[in-house]
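This report refers to the structure that appears directly beneath it.
Only this structure's heavy atoms are used, side chains among them; waters, hydrogens and symmetry mates stay out.
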Amino acid sequence: MADNKSKKDQRDRSKVSGSENYEIQYFKDKMNVSSQAVTGAIRATGSNDRKVLEAYLKDKHKK
């Protein structure tokens, strides 16, 4: 039976889940920072949006 194309997945790929280790692992490898830096960025920004976190980490680690 073919997939029903009208049923969409509810996941939001533009967010980083702080409770999922594989997402933190992927994001830390992508940004070349520690996992503590990723969790700290989530806490500091109050957001889990990928673009916000990328901007925060780029700015913080540029200094």
Side-chain angles (χ1 to χ4, degrees):
M1 181 177 222
D3 288 337
N4 185 349
K5 302 293 183 193
S6 66
K7 292 184 179 179
K8 301 284 182 177
D9 197 350
Q10 298 302 317
R11 290 180 267 177
D12 191 353
R13 302 208 188 275
S14 67
K15 307 231 182 264
V16 177
S17 174
S19 62
E20 297 291 342
N21 287 335
Y22 70 93
E23 287 197 27
I24 293 174
Q25 182 73 26
Y26 171 79
F27 198 71
K28 83 174 189 79
D29 290 342
K30 178 181 177 186
M31 297 299 296
N32 197 24
V33 295
S34 68
S35 56
Q36 290 86 6
V38 175
T39 14
I42 292 171
R43 286 187 189 136
T45 61
S47 174
N48 61 346
D49 186 75
R50 287 186 192 278
K51 291 182 181 180
V52 171
L53 295 175
E54 285 178 9
Y56 177 83
L57 289 170
K58 283 180 185 176
D59 184 51
K60 184 171 180 165
H61 289 281
K62 182 172 47 172
K63 296 177 182 178

More than 12 non-hydrogen atoms from neighbouring residues, nucleotides or ligands closer than 6.0 Å to CG on D29, yes or no?
yes
Over all atoms of both residues, closest heavy-atom pair of A37 and L57
O-CD2, 3.8 Å
Nearest 0.5 angstrom please: Y22 OH to S17 OG, how far?
7.0 Å
Between T45 and L53, the two heavy atoms sitting closest are OG1-CD2, 3.6 Å
To check you understand the geometry: which heavy-atom pair defines the closest contact between E23 and K15, and what is its length?
OE1-O, 3.5 Å
For S35 versus I24, what's the shortest heavy-atom pair and its separation?
CB-CG2, 3.8 Å
Same cluster or not: V33 versus I42, using hydrophobic residues (I, L, V, M, F, W, Y) connected whenever any side-chain heavy atoms lie under 4.5 Å apart?
yes
Working to the nearest 0.5 angstrom, can you tell me the gap between K28 NZ and Q36 CD?
8.5 Å
